[in-house]
2 protein chains.
Amino acid sequence: MRLLIYRYMAGRDAAMALSDIENAFTKVDRTTLYRTLKTFEEKGVVHQIEDGTGISKYALCEPGCNCSIEQDLHLHFHCSNCGETVCLTEHKIPQINLPEGYLAEDVNLVVTGLCEKCST
Amino acid sequence: MRLLIYRYMAGRDAAMALSDIENAFTKVDRTTLYRTLKTFEEKGVVHQIEDGTGISKYALCEPGCNCSIEQDLHLHFHCSNCGETVCLTEHKIPQINLPEGYLAEDVNLVVTGLCEKCST
DNA sequence: CTTAAAAATGCACTTCCATTGCATTGCTCA
DNA sequence: TGAGCAATGCAATGGAAGTGCATTTTTAAG
Ligand SMILES: [Mn+2]
Ligand SMILES: [Mn+2]
Ligand SMILES: [Zn+2]
Ligand SMILES: [Zn+2]
């Protein structure tokens, strides 16, 4: 099952909600997907994305990504038209300077707008 | 009621969830708070913050803020220890460059870590 | 002042997604 | 081969957001 889920995710280029995967595999239970994604995340296979919709999305990590150890540095784009959320892995989050006393552990940057498919 | 809610929010320096305000006013219904915050947001009195916890937070807008018209430019900090989310209104979100074809409408930048109270 | 319309509030209900307990099934390896 | 562990499925729970409708309160016209 994990292999099937992994292959499905590898074939998609946008981030997926749990329900997306659920619809692609009518025969598997939500719970299995939920726990599989949790395992994947712990093992650094996928990373969870909070795009502001309130629905967690998941995407495979790039080869060489070590987001299970340190922070995930690339930004995410959420299209307000088609609803898709994509990883812009080439676009790293710039250095943020914080006020005195603040200690950064993780940075999450989400740009909302129109994606390449919807902007024309 | 709106005045009471406004004053309560003005007295706090961290962003608040709906349940936070609910606990501060035991005599008011959740729905009233919900709709009040919605009205405040539409009128540009408060702005909603998605800090990645999945729970919407609200904070008063600064004088001169026009986030009801255009995007809210400052970043937000979420403390992983005390759970508080604060506006860093002096820290503007840097310019983000996107791939060809992408059109930005809004940017949300949340830094997670330890706040000034929790980092010592 | 009286009264009708509009706005605000409260209650109950729904929906949606995340999460967990527990029983069952499947797999691995001694 | 069988015991132990991992994976799966089912059912239930919980939390938060959102909505329909009745009631109360406010506003403003006459
Ligand atoms: Mn990503
Ligand atoms: Mn803010
Ligand atoms: Zn799109
Ligand atoms: Zn803190």
Side-chain angles (χ1 to χ4, degrees), chain A residues 1-9 12 14-59 68 72 76 78-80 82-85 106 108 110 112, chain B residues 1-9 12 14-59 68 72 76 78-80 82-85 106 108 110 112:
Chain A
M1 200 62 235
R2 291 181 178 178
L3 268 180
L4 291 176
I5 295 171
Y6 179 85
R7 290 186 191 130
Y8 174 72
M9 296 186 79
R12 301 237 32 188
M16 286 145 283
L18 199 143
S19 60
D20 294 329
I21 311 178
E22 191 184 358
N23 293 335
F25 296 92
T26 48
K27 56 219 166 277
V28 67
D29 191 77
R30 276 181 218 78
T31 318
T32 302
L33 296 176
Y34 173 75
R35 286 195 260 239
T36 297
L37 289 172
K38 198 172 177 183
T39 304
F40 279 180
E41 193 188 4
E42 286 164 358
K43 302 301 181 184
V45 178
V46 306
H47 60 280
Q48 190 175 1
I49 305 164
E50 300 296 336
D51 59 11
T53 61
I55 301 172
S56 295
K57 306 284 170 62
Y58 299 87
S68 59
D72 187 27
H76 293 115
H78 175 70
C79 180
S80 56
C82 66
E84 282 198 346
T85 297
D106 195 10
N108 187 29
V110 178
T112 304
Chain B
M1 201 59 235
R2 292 181 178 180
L3 268 180
L4 290 177
I5 295 171
Y6 180 86
R7 288 185 192 130
Y8 174 73
M9 295 186 80
R12 300 238 34 189
M16 286 144 284
L18 198 143
S19 59
D20 294 330
I21 310 177
E22 192 184 358
N23 292 335
F25 297 91
T26 48
K27 55 218 166 282
V28 67
D29 191 76
R30 234 192 62 253
T31 315
T32 302
L33 296 176
Y34 173 75
R35 287 194 259 241
T36 298
L37 289 172
K38 198 173 177 181
T39 302
F40 279 0
E41 193 187 3
E42 286 164 358
K43 302 300 182 186
V45 178
V46 306
H47 60 280
Q48 189 173 3
I49 304 164
E50 301 296 338
D51 60 11
T53 61
I55 302 171
S56 296
K57 306 284 170 61
Y58 300 86
S68 59
D72 186 28
H76 293 115
H78 174 71
C79 179
S80 55
C82 66
E84 283 198 347
T85 298
D106 194 11
N108 186 31
V110 179
T112 304

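Below, each value reflects all heavy atoms present in this structure, side chains not excepted, and no hydrogens, waters or symmetry copies. Remember, predicted model here, so these are calculated numbers, not experimental data.
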Partner residues of B/Thr32 under the side-chain hydrogen bond (donor to acceptor under 3.5 Å, both in side chains) criterion, sequence neighbours left out:
none

Steps toward side-chain contact (heavy atoms from CB on, under 4.5 Å) verdict (B/Thr39, B/Arg2)
CA-CA 10 Å; B/Thr39 302; B/Arg2 292 181 178 180; 3.9 Å; yes

Check: B/Asn108 side chain, A/Gly52 main-chain N or O, donor-acceptor pair, under 3.5 Å:
no

Can you tabulate the close N/O pairs, meaning under 3.5 Å, that link protein atoms to atoms of nucleotides 5-8 of chain C?
| unit_1 | atom_1 | unit_2 | atom_2 | d |
| --- | --- | --- | --- | --- |
| C/dA8 | OP1 | B/Arg2 | NH1 | 2.7 |
| C/dA8 | OP1 | B/Arg2 | NH2 | 3.3 |
| C/dA8 | OP2 | B/Arg2 | NH2 | 3.4 |

Test of understanding: with salt bridge (Lys or Arg N to Asp or Glu O under 4.0 Å), list the residues that count as partners of B/Glu84, not counting sequence neighbours.
B/Arg12, B/Lys117

Boundaries of the chain A footprint along DNA chain D (any atom under 4.0 Å from a heavy atom)
D/dA7 to D/dA11

Enumerate the protein-to-nucleotides 15-18 of chain C contacts in which both atoms are nitrogen or oxygen and the separation is below 3.5 Å.
| unit_1 | atom_1 | unit_2 | atom_2 | d |
| --- | --- | --- | --- | --- |
| C/dA18 | OP1 | A/Ser56 | N | 3.2 |

Pairs in or reaching into residues 30-52 of chain B: which pass ring-ring contact (aromatic ring centres under 6.0 Å, His included), with residues at least two apart or in two chains?
B/His47-B/His74, B/His47-B/His76

Salt bridge (Lys or Arg N to Asp or Glu O under 4.0 Å): pairs with one or both residues in residues 19-36 of chain B, sequence neighbours excluded:
none

How close or far is atom C1' of C/dG21 from atom CG of A/Asp29, stated in whole angstroms?
14 Å

What pairs of nitrogen or oxygen atoms, one from the protein and one from nucleotides 23-28 of chain C, lie under 3.5 Å apart?
none

Going by side-chain hydrogen bond (donor to acceptor under 3.5 Å, both in side chains), name the residues that satisfy it together with B/Thr112, two or more places apart in sequence or in a different chain.
none

With sequence neighbours left out, write down each residue that passes side-chain hydrogen bond (donor to acceptor under 3.5 Å, both in side chains) with B/Ser19, or none if nothing qualifies.
none

Rounded to whole Å, how long is the line connecting atom CZ of A/Arg35 with atom P of C/dT19?
12 Å

How do A/Thr31 and B/Lys38 order along DNA chain D: which one's closest nucleotide is nearer the 5' end?
A/Thr31

Locate the shortest heavy-atom distance separating A/Ser56 from A/Gln48; write the atom from each residue and the value.
OG-NE2, 2.8 Å

Tell me every residue that passes ring-ring contact (aromatic ring centres under 6.0 Å, His included) with B/Phe25, counting only those two or more places apart in sequence or in another chain.
B/Tyr8

Evaluate the side-chain proximity of B/Leu3 to B/Arg7: yes if any heavy-atom separation is below 4.5 Å, no if none is.
yes

The side-chain contact (heavy atoms from CB on, under 4.5 Å) partners of A/Thr53 (sequence neighbours excluded) come to A/Asp51, A/Ile55, A/Lys57, A/His78

Step-by-step side-chain contact (heavy atoms from CB on, under 4.5 Å) determination, B/Met1 to B/Thr36:
CA-CA 9 Å; B/Met1 201 59 235; B/Thr36 298; 5.6 Å; no

